[in-house]
Chemist: 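Pasting a structure below so you can have a look.
Predicted model only: the values in this text are computed from it and were never measured. For the single chain, residues carry numbers from 1 onward in sequence order. Read the numbers this way: they start at 1 and go in the same order the structure lists the ligands and their atoms.
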Amino acid sequence: MSKAAFPAVPQRLGLYPVVDSVEWIERLLGAGVRTIQLRIKDKLDEEVEDDIVAAIKLAQRYEARLFINDYWRLAIKYRAYGVHLGQEDMDVANLDAIRDAGLRLGLSTHDVMEMERARALRPSYIALGHVFPTNTKQMPSAPQGLAQLAAHIKKLGDYPTVAIGGISIDRVPAVLATGVGSVAVVSAITHAADWQAATGQLLEMVGAGDEG
Ligand SMILES: Cc1ncc(COP(=O)(O)OP(=O)(O)O)c(N)n1
Ligand SMILES: Cc1nc(C(=O)O)sc1CCOP(=O)(O)O
Ligand SMILES: [Mg+2]
């Protein structure tokens with residue numbers, strides 16, 4: 001188990017789009033997003049290296065918080081703002097190396113047990129999902145729902161938190177009412193008929209984060 005805490009992030013990370021390409025990163029940073037994740041699945045490190053370098057450069061230009069999903073070695077190598085890891089990743093990733101390199105760490109959780117396991121590692125933020133059913137990813141667990149999300153947020157006090165999973169624009173007010181500090185979305189932006197309008201509306205509702 002990792003020995004120490006990870007660097008802090010703003011308590012409210014605001015709107016947090018999770019996207020699979022540098023093109024989306026560029027569009028959304030240009031639209032005012034300041035917390036974002038590059039989530040490319042199932043490729044070799046050498047296949048994603050150029051994209052990760054380009055995404056990090058863009059985030060630096062916009063002074064945005066870019067989390068790299070999964071590819072923690074490349075995130076360290078190119079000094080990303082942070083890394084996002086899932087429960088299985090926690091067993092294999094070198095968390096001490098991530099912390100020693102000064103990267104922030106976000107961890108996924110899907111129930112009370114996972115939440116407590118994540119909390120013990122003292123990551124920069126804890127993600128709570130999936131709140132609602134989602135078509136973006138096959139989930140082995142059931143949706144947590146708003147009541148469970150609210151209970152987790154209460155338990156975590158002022159710990160930075162992120163809600164994810166099935167969050168459409170119309171569901172955002174109820175999600176924010178739980179006190180969560182950030183709302184992560186995939187399809188609400190990338191499948192929107194008008195992504196610019198959707199992003200603008202989401203930024204209006206959720207904000208770009210404490211520093212954004
Ligand atoms: C903000 C945020 N929360 C949860 C996840 C899911 O991460 P993980 O469990 O590692 O699953 P994959 O995204 O790798 O399929 C996330 N990416 N971002
Ligand atoms: C990548 C991911 N992780 C989740 C989790 O609960 O850990 S839910 C999810 C997909 C979220 O996509 P959408 O906003 O389109 O529902
Ligand atoms: Mg992952």
Chemist: Going by the order shown, which atoms of ligand 2 are within less than 4.0 Å of some heavy atom of V185?
Modeler: 14 (O)
Chemist: Heavy-atom pairs closer than 4.0 Å: do any link ligand 1 to the side chain of Y16, the backbone, both, or neither?
Modeler: side chain
Chemist: I'd like to know if R34 and E63 make a salt bridge, using a cut-off of under 4.0 Å between side-chain N and carboxylate O.
Modeler: no
Chemist: Quick one: which ligand 1 atoms are inside 4.0 Å of a heavy atom on G86?
Modeler: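 Contacts of ligand 1 toward G86, numbered from 1: 8 (P), 9 (O), 10 (O).
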Chemist: With heavy atoms of I164 as the reference, note each atom of ligand 1 found under 4.0 Å away.
Modeler: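 Per the distance check, 2 (C), 3 (N), 4 (C), 18 (N).
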Chemist: Does D89 use its side chain to pair, donor to acceptor, with the backbone of G86 at less than 3.5 Å?
Modeler: yes
Chemist: Mind checking the OH-CZ spacing from Y159 to R119? Nearest 0.5 Å is all I need.
Modeler: 8.5 Å
Chemist: Does NZ belonging to K41 count more than 12 external heavy atoms closer than 6.0 Å?
Modeler: yes
Chemist: Using a 4.0 Å heavy-atom cut-off, which part of T136 comes near ligand 2: side chain, backbone, both, or neither?
Modeler: side chain
Chemist: In the protein, what heavy atom is nearest to atom 11 (O) of ligand 1, and what distance, to one decimal place, separates them?
Modeler: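 Looking at atom 11 (O) of ligand 1, the protein heavy atom closest to it is K137 NZ, 2.6 Å.
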Chemist: Look up atom CG in L85 and atom CH2 in W72, then write down how far apart they are to the nearest 0.5 Å.
Modeler: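 CH2 of W72 is found 9.0 Å from CG of L85.
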Chemist: Considering the heavy atoms of G165, write down every atom of ligand 2 situated less than 4.0 Å from one of them.
Modeler: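 Reading through ligand 2 atom by atom, the close ones are 8 (S), 16 (O).
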Chemist: Examine distances only and state if a side-chain atom of Q11 and a backbone atom of D158 form a donor-acceptor pair shorter than 3.5 Å.
Modeler: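 Flag set: sc Q11 to bb D158 pair under 3.5 Å.
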Chemist: If we set the cut-off at 4.0 Å for heavy atoms, which region of M139 has an atom near ligand 2: side chain, backbone, both, or neither?
Modeler: side chain
Chemist: Around atom 14 (O) of ligand 2, find the nearest protein heavy atom and jot down its residue, atom name and distance.
Modeler: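 Checked against all protein heavy atoms, atom 14 (O) of ligand 2 sits closest to V186 N, 3.0 Å.
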Chemist: Suppose I only count heavy atoms of A127 and a 4.0 Å limit; which atoms of ligand 1 are within that range?
Modeler: 3 (N)
Chemist: Using a 4.0 Å cutoff against the non-hydrogen atoms of Q37, which atoms of ligand 1 qualify?
Modeler: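 Result: 1 (C), 2 (C), 16 (C), 17 (N), 18 (N).
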Chemist: Taking 4.0 angstrom as the limit and counting only heavy atoms of G129, give me the atoms of ligand 2 inside it, by number and element.
Modeler: 6 (O)
Chemist: As an exercise, state the distance from CG of L13 to CG of D210, rounded to the nearest 0.5 Å.
Modeler: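 Here the rounded value is 8.0 Å.
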Chemist: Pick, from G106, S108, A184, the option with the minimum heavy-atom distance to atom 6 (C) of ligand 1.
Modeler: S108
Chemist: Answer yes or no on whether R104 is positioned over the face of F67, meaning its NZ or CZ is under 6.0 Å from the six-membered ring centre and within 45° of the axis.
Modeler: no
Chemist: At less than 4.0 angstrom from any non-hydrogen atom of D89, what atoms of ligand 1 do you find?
Modeler: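 Heavy-atom distances to D89 below 4.0 Å select 10 (O).
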Chemist: Tell me whether ligand 2 is touched by A188 - counting only heavy atoms on the residue side and a distance under 4.0 Å.
Modeler: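 In this structure, A188 fails to qualify as a contact of ligand 2 - no heavy atom is under 4.0 Å.
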Chemist: Tell me which one of H130, R39, K41 gets a heavy atom nearest to atom 6 (O) of ligand 2.
Modeler: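 Residue with the shortest heavy-atom distance to the ligand atom: H130.
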Chemist: Ignoring hydrogens and angles, tell me if any N or O in the side chain of Y71 forms a donor-acceptor pair with the backbone of K43 under 3.5 Å.
Modeler: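 Such a contact is found between Y71 side chain and K43 backbone.
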Chemist: If you measure every N or O of N69 against every N or O of ligand 1, does any of those distances drop under 3.5 Å?
Modeler: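 Between N69 and ligand 1, an N or O pair is found under 3.5 Å apart.
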Chemist: As an exercise, identify every atom of ligand 2 less than 4.0 angstrom from a heavy atom of H110.
Modeler: 5 (C), 6 (O), 7 (O)
Chemist: May I ask you to identify, for R39, whether its side chain, its backbone, both or neither come under 4.0 Å of ligand 1 on a heavy-atom basis?
Modeler: side chain
Chemist: In terms of residue, atom name and distance, what is the protein heavy atom nearest to atom 14 (O) of ligand 1?
Modeler: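 For atom 14 (O) of ligand 1, the nearest protein heavy atom comes out as K41 NZ, 2.6 Å.
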Chemist: If we ignore hydrogens and angles and just use 3.5 Å, is the side chain of Q201 paired with the main-chain N or O of A198 as donor and acceptor?
Modeler: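 No; judged by distance alone, with no hydrogens or angles, the pair does not exist.
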Chemist: When you measure from atom 4 (C) of ligand 2 to each heavy atom in T134, T109, I164, V131, which option holds the nearest one?
Modeler: I164
Chemist: Give the C-alpha distance, both sets of side-chain angles, the deciding distance and a yes or no for side-chain hydrogen bond (donor to acceptor under 3.5 Å, both in side chains) between Q87 and H110.
Modeler: CA-CA 9 Å; Q87 292 281 317; H110 303 96; 5.8 Å; no
Chemist: Measure from the side-chain N and O atoms of S168 to the backbone N and O of A188, and report whether any donor-acceptor pair falls under 3.5 Å.
Modeler: no
Chemist: To check your reading of the model: name the closest protein heavy atom to atom 2 (C) of ligand 1, its residue, and the distance in Å.
Modeler: H84 CE1, 3.4 Å
Chemist: Measuring from T35:OG1 to L29:CG, what's the distance to the nearest 0.5 Å?
Modeler: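 Rounded to the nearest 0.5 Å, the OG1-CG separation comes to 10.0 Å.
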Chemist: Closer than 4.0 angstrom: is that true for some heavy atom of E88 and an atom of ligand 1?
Modeler: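 Judged by the 4.0 Å heavy-atom criterion, E88 does not count as contacting ligand 1.
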Chemist: May I ask you to check if R171 and F132 form a cation-pi contact, with NZ or CZ under 6.0 angstrom from the six-membered ring centre and within 45° of the axis?
Modeler: yes
Chemist: So does T161 get a backbone contact from the side chain of R12, meaning a donor-acceptor N/O pair under 3.5 Å?
Modeler: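 Looks like no, no N/O pair under 3.5 Å.
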Chemist: Any idea which atoms of ligand 2 are less than 4.0 Å away from a heavy-atom of S187?
Modeler: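 Taking each heavy atom of S187 in turn, ligand 2 has 13 (P), 14 (O), 15 (O) under 4.0 Å.
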Chemist: What's the OD1-the Mg ion (ligand 3)-OD1 angle here (N69, D70), rounded to 10 degrees?
Modeler: 80°
